[in-house]
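If you're wondering where the values come from, they're calculated on a predicted model, not measured in any experiment.
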Amino acid sequence: MAWSDPNSIPERLLMGPGPSPVSSAVRLAMARPVLGHLDPLFLAIMDEVAEQLRWVFGTKNRLALPLSGTGSAGMEAAVANWVEPGHRILVVVAGLFGQRLADAAARQGGLVDVLEVPWGSALDPGQLETRLREAAAPYAVVALVMAETSTGVLQPLDGLSDLVHRHGALFLVDAVTAIGGMPVDVDRRGLDVVYAGTQKCLAVPPGLAPFTAGEAALDILRRRATPVPSWYLDLSMLERYWGGERFYHHTAPVSMIYALAEGLRRIRAEGLDARFARHRRASAALWAGLQAMGLSLVVDAAVRLFSLTTVHIPEGVDDTVVRGRLLNEFGIEIGGGLGPFKGRVWRIGTMGEGAQLEPVTRVLSALEAILHRTGGVEAAVLAWQTTSGV
Ligand SMILES: Cc1ncc(COP(=O)(O)O)c(C=O)c1O
């Protein structure tokens, strides 16, 4: 394959932890003429994107914008703006992305405490309450990952913000693997600072980090004792470009914003509830198929994430051989395990365009052939037909 020939890039079916499949409509949007980042036509697209992000986030927050950078830029922005040197921060670590969040907060000079949750489990709110009650001094921020892509756990959030606010902290949430596939409900759940990524359930290529913060968080930002150490991710400056002032900060990644605008238009056309239901149905189909093939799922059904499923690799099966065959013989990507799950678990995504029956059955039928097992496709079709998704 000649690297210089763009036509030689194969069409893979992306059913791993992201990026997820991107529609041709979104890909074509990136080929539109590049406008200047202060062109009135581009500013109108920015306004539309901000409005649609508010809708997908479930918020009326004034500050809602896509940061230039992947999901990790969202994480970095969240901690760079809201963690000051010497601040006490509590991070719930239930997987790799929680660990990364704790690391990022510590690099800002935060005094980070970790509330450890075993990989594959969700945080028990009682545990958080005890930690907050028994803390030697109040925390400025409590942070956690809503959809932990390394474990396949969906952290229930209801009630947590009351707890966090009662103890005087801001609630900072990673919604990278949730946004567009399940309700984030920023306002209803009282989330103060939330970041996400485009390459998962929004079905847009990697490159932007949708971000929102409420007024309480912005008040704290305005009263910071020290300037935000990151010039590029300083939200008080970015707000002036995305807000009415249109103050130049950096050249917006224009083509990526076209892609996000198109992705959000597609979500609008489908409807959020229908989209969430489709993600539920696709994961139900995948779970039924995997289980019918005799494979066992890592996470309890009650907290199982429906954009990313973790499944135990059967005894005697070589992780890399199977993933290599999926990729090279079937053109399908799934993810391997991270950290303690490395070599023991596969991660299969049902995100965005991948959250449909056809891609799910393609993965299952390839796994049936490679693992010499049967029944997966049939069970998936049945589950898809009988699951309403609501
Ligand atoms: C939960 C979570 N947070 C943060 C990130 C980092 O995002 P990115 O890889 O786009 O920088 C990821 C990426 O997979 C993720 O799954």
Side-chain angles (χ1 to χ4, degrees), residues 15-18 20 91-101 114-128 144-160 173-184 200-201 276-315 317 319 322-323 334-352 354-355 359-360 363-364 367 371 376 379-380 383-384 387 389:
M15 299 297 277
S20 69
V91 183
V92 177
V93 174
L96 181 111
F97 293 101
Q99 268 166 10
R100 191 183 284 188
L101 191 46
V114 163
L115 200 172
E116 198 96 38
V117 174
W119 279 53
S121 305
L123 167 77
D124 166 5
Q127 248 181 309
L128 178 61
L144 58 72
V145 176
M146 173 180 177
E148 193 29 277
T149 328
S150 60
T151 64
V153 171
L154 175 60
Q155 174 61 51
L157 290 181
D158 289 346
L160 293 188
V173 173
D174 175 322
V176 171
T177 296
I179 192 170
M182 59 211 71
V184 182
K200 312 244 185 195
C201 305
F276 298 157
R278 179 163 64 74
H279 279 77
R280 280 194 175 277
R281 277 182 93 188
S283 56
L286 177 68
W287 301 342
L290 293 169
Q291 287 171 321
M293 289 164 64
L295 298 173
S296 72
L297 306 182
V298 174
V299 178
D300 279 354
V303 291
R304 201 181 290 150
L305 182 54
F306 40 89
S307 49
L308 190 282
T309 297
T310 42
V311 52
H312 291 289
I313 299 174
E315 201 73 36
V317 170
D319 170 26
V322 172
R323 283 191 294 120
I334 67 166
L338 297 169
F341 283 177
K342 190 170 163 48
R344 296 175 43 216
V345 159
W346 286 316
R347 295 182 301 148
I348 306 178
T350 39
M351 303 178 182
V360 166
V363 176
L364 291 168
L367 281 175
L371 299 175
W384 176 267
T387 309

Gap separating the [atom1] atom of [X] from the [atom2] atom of [Y], nearest 0.5 angstrom:
X      : Y      : atom1 : atom2 : answer
Arg344 : Phe341 : CZ    : CZ    : 6.0 Å
Arg281 : Thr387 : CZ    : OG1   : 7.0 Å
Leu101 : Leu144 : CG    : CG    : 8.5 Å
Trp287 : Phe306 : CH2   : CZ    : 7.5 Å
Leu297 : Ser283 : CG    : OG    : 10.5 Å
Asp174 : Arg100 : CG    : CZ    : 9.5 Å

Indicate the atoms forming the closest heavy-atom contact of [X] with [Y], along with that distance.
X      : Y      : value
Leu364 : Ala380 : CD1-CB, 3.4 Å
Trp119 : Thr151 : CE3-CG2, 3.6 Å
Val93  : Gln99  : CG1-CG, 3.6 Å
Met146 : Val173 : CB-CG1, 3.8 Å

Just wondering, do [Y] and [X] contact through their side chains at under 4.5 Å, heavy atoms?
X      : Y      : result
Trp346 : Val317 : yes
Ile179 : Cys201 : no
Gln127 : Val92  : no

May I have the step-by-step check of side chain to side chain contact (heavy atoms under 4.5 Å, CB included) for Trp384 and Leu286, ending in yes or no? CA-CA 9 Å; Trp384 176 267; Leu286 177 68; over 6 Å; no
Say whether, by atom type as modelled, one donor and one acceptor occur between the side chain of [X] and the main chain of [Y] under 3.5 angstrom.
X      : Y      : answer
Arg304 : Val299 : yes
His279 : Met182 : no
Glu148 : Phe97  : yes
Ser121 : Val117 : no
Gln155 : Leu123 : yes
Asp300 : Ala302 : no
Thr310 : Ser150 : no
Arg347 : Thr149 : yes
Lys200 : Ser20  : no
Arg278 : Ala355 : yes

Please evaluate residues Lys342 and Leu338 with respect to the criterion side chain to side chain contact (heavy atoms under 4.5 Å, CB included), reporting the C-alpha separation (whole Å), side-chain torsions for both, the decisive distance (0.1 Å), and the verdict. CA-CA 5 Å; Lys342 190 170 163 48; Leu338 297 169; over 6 Å; no
Test item: side-chain donor near acceptor, Thr177 and Ser307, under 3.5 Å: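 No pair is found: no donor N or O on one side chain lies under 3.5 Å from an acceptor on the other.
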Leu160 vs Leu128, test: side chain to side chain contact (heavy atoms under 4.5 Å, CB included). Steps then yes/no. CA-CA 9 Å; Leu160 293 188; Leu128 178 61; 4.1 Å; yes
Do Val303 and Val153 pass the side chain to side chain contact (heavy atoms under 4.5 Å, CB included) test, and can you show the C-alpha distance, the side-chain angles, and the key distance before you say yes or no? CA-CA 6 Å; Val303 291; Val153 171; 4.3 Å; yes
